[in-house]
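Structure first, then comments.
Throughout, numbering of the chain's residues begins at 1 and tracks the sequence. Values below: all heavy atoms of this structure, side chains included; hydrogens, waters and symmetry mates excluded.
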Amino acid sequence: MRLDVIDNHRSRFVPVAPGWRQRKMRFAVKRYQTKKNKDENPTVLSLTKTGLKVKTDLAFGKSTENYIGHQIVERGQFVFTPRDFDATPILCGVADTPGCISNLYIVFDVSAQIDARFLEYYFWGLKHGFEFFEKLSFGMRYSFNRMQFENIPLLYPDLSTQRQIADFLDRETARIDLLIEKKQRLVALVGEQRSAAISSAVTVGLADGADLVPTNSQYLPHVPATWRVWRLKHLAEIRGGLTLGRTIPDDVETTLTPYMRVANVQAGWLDLGDVAEIPVTKLEKQRYRLQGGDVLMNEGGDNDKLGRGAVWKSEIETCVHQNHVFAVRPHDIRYSDWISLATNARYARDFFFLHSNQSTNLASISKTNLARFPVAVPPFDEMRTTLNALRLRAGKLDRITEKTSVSIDRLKEYRSALITAAVTGQIDVATYARSGTPDSHLDTIQEEMGA
């Protein structure tokens, strides 16, 4: 038997086990929810990538009255939506806690012939297995309705097998999730070690027992005796960027030019995977063109993005920067890497936060305040030695992070493939676990990654 999935471009077939049935999704629905919330202080639910959760961040400027009229969600009911504006084609989950949720979602009791946990895994399996929800071209994301939901193909075995599959996936995904969590903690720990190494290097150096002397800076209270604390304005020229959305006269010639924006400037490196372009005039190109050795620093964004810097190494021949990214041009570009490291030290996070203008979920720092940023500068030879030693140490930590991150990706891929195989009957879960295959797969991933 094959599951026949038809879109406007082609028909796709997925092999399934004998004895499984194919119906439409309406078969899984016993009753749609019709009750509306009347409570002024309800438990508000939200669909996430890991299922249905209680929403805690309700401070959106909304009063509690905004949730009056939302759908009631009762314990055990199923919630579904294809809408997610973060590149995830569907979200779904079974309610463990009663509450209310947006009327944009479909809420229903699952029929007696379908296990709710199996149905949840079924949607995840289809999503990852052949991207059904990404390939349907009837506009689910913006105009999805109940009729379209009811016409989604449903493939299922008998109820006992559904529960067996759900139990198997509960066990196996929990094991995989635990491994992923441990590796994510390792990545976070390595990141903290890297941050600590940078912070130590640019504040007191890497040598043990250095003779420290007091300074007048609250952010750099003690530095090695041979170092000197400078304000950023004494080390570099701080240049504002090009304003987007400005008006250019029709008779002025422009050329489409790449530009750096906040998303490109990461902590210590530049993400050039997605570089946007903007029309610029000849004078603008001369004024805002980046030069090798410029330290790009974010003027605004989330607090974790504020002020973080990276060195421009002329990766693109002609490139400008927008007004939310400062180009800090050192008087001596041999100090570019040192200044960039200083912007990513822990004391810099404190400085940028305390000198920023805060608004809802966003922050910005002015050119005047950025000019006051203190940088502790060692003698040149000591700086060069410190930079070389730090590169070696950071390189080792980066390799651990990269290897562990690859391992996490492999585990996620295996998790998705396992769900797809189970909910389409490609594996017999009763014999699959006893065969030791899951353990073998996990061991192989561990050995291949060496993590």
Side-chain angles (χ1 to χ4, degrees), residues 178-208 260-275 290 292-298 301-316 319 325 328 330 333-350 352 375-378 382-414 442 444-451:
L178 183 60
L179 275 174
I180 290 173
E181 183 182 349
K182 288 180 178 179
K183 290 177 181 295
Q184 287 173 334
R185 287 202 299 265
L186 174 60
V187 169
L189 178 61
V190 171
E192 291 174 2
Q193 292 177 346
R194 192 182 193 281
S195 178
I198 291 173
S199 296
S200 176
V202 299
T203 55
V204 296
L206 297 179
D208 294 330
M260 291 290 101
R261 62 194 196 279
V262 171
N264 299 119
V265 183
Q266 304 297 314
W269 61 284
L270 295 174
D271 182 356
L272 302 180
D274 182 15
V275 177
L290 295 173
D294 286 350
V295 180
L296 303 185
M297 296 179 65
N298 285 334
D302 300 332
N303 279 312
D304 65 322
K305 300 179 179 66
L306 186 64
R308 68 185 182 190
V311 180
W312 177 254
K313 299 184 184 296
S314 300
E315 292 90 342
I316 301 172
C319 186
V325 175
V328 177
I333 63 171
R334 294 179 301 173
Y335 291 86
S336 296
D337 287 328
W338 188 262
I339 293 172
S340 175
L341 285 174
T343 68
N344 294 296
R346 289 174 178 170
Y347 84 89
R349 300 294 94 211
D350 295 335
F352 296 138
V375 181
V377 181
E382 183 181 351
M383 181 188 73
R384 186 169 54 186
T385 300
T386 302
L387 284 173
N388 290 335
L390 188 59
R391 288 191 186 101
L392 290 174
R393 185 170 181 180
K396 292 178 181 178
L397 295 174
D398 290 343
R399 285 190 290 274
I400 294 173
T401 296
E402 182 179 0
K403 186 176 291 187
T404 306
S405 296
V406 170
S407 178
I408 290 172
D409 290 340
R410 285 289 307 280
L411 286 169
K412 289 180 178 178
E413 290 170 2
Y414 171 60
L442 295 178
T444 300
I445 292 173
Q446 296 288 80
E447 290 171 3
E448 287 179 355
M449 297 302 108

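- When all heavy atoms of A310 and S340 are compared, the pair lying nearest together is CA-OG, 3.5 Å.
- At a threshold of 4.5 Å between non-hydrogen side-chain atoms, the residues I333 and S336 count as touching.
- Within a 6.0 Å sphere centred on CD of E402, other residues, nucleotides and ligands contribute 12 heavy atoms or fewer.
- K396 places none of its side-chain heavy atoms less than 4.5 Å from the side chain of L392.
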List the steps, then state whether side chain to side chain contact (heavy atoms under 4.5 Å, CB included) holds for R384 with W338. CA-CA 9 Å; R384 186 169 54 186; W338 188 262; over 6 Å; no
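- Contact check for M297 versus R308: no side-chain heavy atoms found under the 4.5 Å cut-off.
- The main-chain N or O of S199 is found under 3.5 Å from a side-chain atom of T203 such that the two form a donor-acceptor pair.
- To the nearest 0.5 angstrom, K412 atom NZ is 13.0 Å from L179 atom CG.
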Report the C-alpha separation of M260 and D271 in whole Å, then their side-chain angles, then the decisive distance to 0.1 Å, and conclude whether the side chain to side chain contact (heavy atoms under 4.5 Å, CB included) test is met. CA-CA 10 Å; M260 291 290 101; D271 182 356; over 6 Å; no
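- To the nearest 0.5 angstrom, L390 atom CG is 10.0 Å from D337 atom CG.
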For side chain to side chain contact (heavy atoms under 4.5 Å, CB included), just list the numbers for D350 and R346, CA-CA rounded to whole Å, side-chain angles, deciding distance to a tenth of an Å, and then say yes or no. CA-CA 7 Å; D350 295 335; R346 289 174 178 170; 5.7 Å; no
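- Atom CZ of residue R410 and atom OG of residue S405 lie 14.0 Å apart, to the nearest 0.5 angstrom.
- By the neighbour-count criterion of 12 heavy atoms within 6.0 Å, atom CD1 of I316 is densely surrounded, having more than that number from other residues, nucleotides or ligands.
- Between the OG1 atom of T343 and the CG atom of L341 there is a distance of 7.5 Å, given to the nearest 0.5 Å.
- For the pair E315 (side chain) and K313 (backbone), a donor-acceptor distance under 3.5 Å is present.
- The main-chain N or O of L296 is never found under 3.5 Å from a side-chain atom of D294 such that the two would form a donor-acceptor pair.
- When the shell of 6.0 Å around CZ of R393 is examined, it contains 12 or fewer heavy atoms from other residues, nucleotides or ligands.
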Worked verdict on R194 versus D398 for side chain to side chain contact (heavy atoms under 4.5 Å, CB included): CA-CA 8 Å; R194 192 182 193 281; D398 290 343; 2.8 Å; yes
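- Atom OG1 in T404 sits 13.0 Å away from atom CD1 in I180 (nearest 0.5 Å).
- Within the 4.5 Å cutoff, side-chain heavy atoms of I408 are placed close to those of V187.
- Interatomic distance, CG of N298 versus CZ of F352, reported as 10.0 Å (0.5 Å rounding).
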